[in-house]
Amino acid sequence: MDRENVSKPLVMVVEDEAALVTMLRYNLEKEGYRVCEAMDGEEALTVLAERSPDLVVLDWMLPIMSGIEVCRQIRRKPRTRDLPVIMLTARGEEADKIRGLNTGADDYLTKPFSLPELMARVRALLRRVHPSQSKGVLQYDSIVMDLSSHRVTRDGRNVHLGPTEFRLLQFFLQHPGCVFSREELLDAVWGPDIYVEPRTVDVHIRRLRKALNGDEESDIIRTVRAAGYALDVEGTAI
Ligand code: CA
């Protein structure tokens, strides 16, 4: 699922612990973000000059230049002044938290942090800064999803969806043509921490199909045997 799509927000991860970078990249990409990374403070400034991330996840303790200093530099430059920064740190003391926020971080998480918590904060910050990116319109073939009004149409016909079907379709629309296993859909739509039987996915797919596919319309959800589902006009089950 490594397709460059500039409409997806770019999240920069600045962290020197390789395992944490890998874990963050994996989960951010799964949430539909693009990810770029830097392993130390100096590299962070270089990457910032080359790319235009929409948000930075910034570790406090970094080699060469601390996260605090990187944050200061981000705030100093007009181009990055308003860039949202989430600071990560092993320090849990209130004084440090205040210092981090004073330096210009928008938010602050103490390690070890919970992944859903980080994702929620990433989403919230991006929504605040780029309302248009989270409130846009998703479209694939004859299906149009308006995220601000929560309306879905197919060929101009209103499609009424329950909240889970809405999120399922939103995820498919963000990755049209891609096949996702039930487990991947559970992670993406229900969240990795919620335990739901994989068969539940089938139930919601059935409801989504029923709502999407009118009498004369072709089935736009492709079932790939032993693999999963995809939103795909190429249609027909394999
Ligand atoms: Ca570190």
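Every number for a ligand or one of its atoms is a count from 1 in the order of the listing.
Residues Arg157 and Ser142 have side chains that never bring a donor and an acceptor to within less than 3.5 angstrom of each other.
Here the two rings, on Phe172 and Tyr229, have centers that are 6.0 Å apart or farther.
The side chain to side chain donor-acceptor pair (under 3.5 Å) check on Asp141 picks up nothing, with sequence neighbours excluded. Scored by the side chain to side chain donor-acceptor pair (under 3.5 Å) test, Glu197 finds Arg199 as partners (sequence neighbours excluded).
When the N, O or S atoms of Asp59 are ranked by distance to the Ca ion (ligand 1), OD2 comes first. Closest approach between the Ca ion (ligand 1) and any N/O/S atom of Asp16 involves OD1.
With a cut-off of 3.0 Å, the Ca ion (ligand 1) has no N, O or S atom of Glu17 in range.
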